[in-house]
Amino acid sequence: MRLDRYVSQGTSTSRSEVLRWIRAGRVLVDGVVVRDAGSQVTPGQHTVTADTPGETGQLVRPPGHIHLVLHKPKGYVSSTEEGASPIVLELVPPQWQHRDLAPVGRLDKDTTGLLILTTDGGFNHALTSPRRHVEKAYLAELDQPLPADAVARFAEGMDLGDAAPCKPADLEILGPTQVRVVLREGRYHQVKRMVAKLGSTVVALHRERIGGLVLDATLPIGQMRFLTPSDVQALGVAPAPERDR
Ligand code: URA
């Protein structure tokens, strides 16, 4: 989007005032003064700062919503509130720290893998709503093999003592102690509880997919990237249209 529009929306300042800032060399893109109001900046890729009346070198918030794909490491809690343990939001680069990002659903502290973070509450709700049945696929390492009827038990909808039995889930046996589980809902510790119900213990858990969106093999643990239009297509649930992209 145009630099003047980005700064105008990001600082809630009129375009004419922002034009004056830009001409006066008070707006920097990635640390370099840019005097062309029509130069293109991409929210999420460029860092824009401006000398505003209130602050020299103020970081300009990018307009519109942000959606990120995180390769969650172990040891981080999927929460927006700080506590005794580190939270996934601490992994967000400084330029996005002040945005209202929230994780889409939860992964346990010791679970790794695909976690989406978004500022768009409607998108978050659509991805987690039980009515949508968005699939989530997990790789689990177990302490011991599951019984012979495990695939059928997962498929019939297991009763974990919650208000309602689980929705049917897919279990794929990959090896004696390695399985893939596909859920269509998201309950507390669900994979671990389903496995425990059959007498085994999950010793490592990794989410590899949400809907049709597979975690990139090249995204290092602890790193994140922006959600692309093809990711959105793969998820099958669209965020609200961005203003102005
Ligand atoms: N099921 C679990 O038990 N833990 C997770 O983090 C996700 C699904």
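When a ligand or atom number is given, it counts from 1 through the structure's own listing order. Computed over heavy atoms, backbone and side chain alike; hydrogens, waters and symmetry mates excluded. Residues: numbered from 1 along the sequence shown. Since the model is a prediction, treat every value here as computed from it, not as a measurement.
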Partner set under side chain to side chain contact (heavy atoms under 4.5 Å, CB included) for Pro130, not counting sequence neighbours | Lys167
Report, in ascending order of atom number, the atoms of ligand 1 lying under 4.0 Å from any heavy atom of Leu107.
-> 6 (O)
of all protein heavy atoms, closest to atom 4 (N) of ligand 1 is Asp108 OD2, 2.7 Å
So which heavy atom in the protein is nearest atom 7 (C) of ligand 1, and how far is it from that ligand atom?
-> Tyr138 CE2, 3.5 Å
Step-by-step side-chain hydrogen bond (donor to acceptor under 3.5 Å, both in side chains) determination, Lys72 to Ser78 | CA-CA 9 Å; Lys72 180 192 173 296; Ser78 305; 5.3 Å; no
Distance col, row Arg225:CZ vs Asp216:CG, nearest 0.5 angstrom, shows 4.0 Å
Region of Val191 engaging ligand 1 - heavy atom pairs below 4.0 Å = both
Is Leu205 touching ligand 1 with its side chain, its backbone, both, or neither, if touching means heavy atoms under 4.0 Å apart?
-> side chain
Which residue pairs satisfy the salt bridge (charged side-chain N to carboxylate O under 4.0 Å, His left out) criterion with at least one member in residues 135-147, sequence neighbours excluded?
-> Glu135-Arg184, Glu135-Arg209
Using distance alone, determine whether Thr111 and ligand 1 share an N or O pair under 3.5 Å.
-> yes
Using distance alone, decide if ligand 1 has a nitrogen or oxygen within less than 3.5 Å of any nitrogen or oxygen in His189.
-> yes
Heavy-atom nearest pair, Ile173 first then Val151, reads CG1-CG2, 4.2 Å
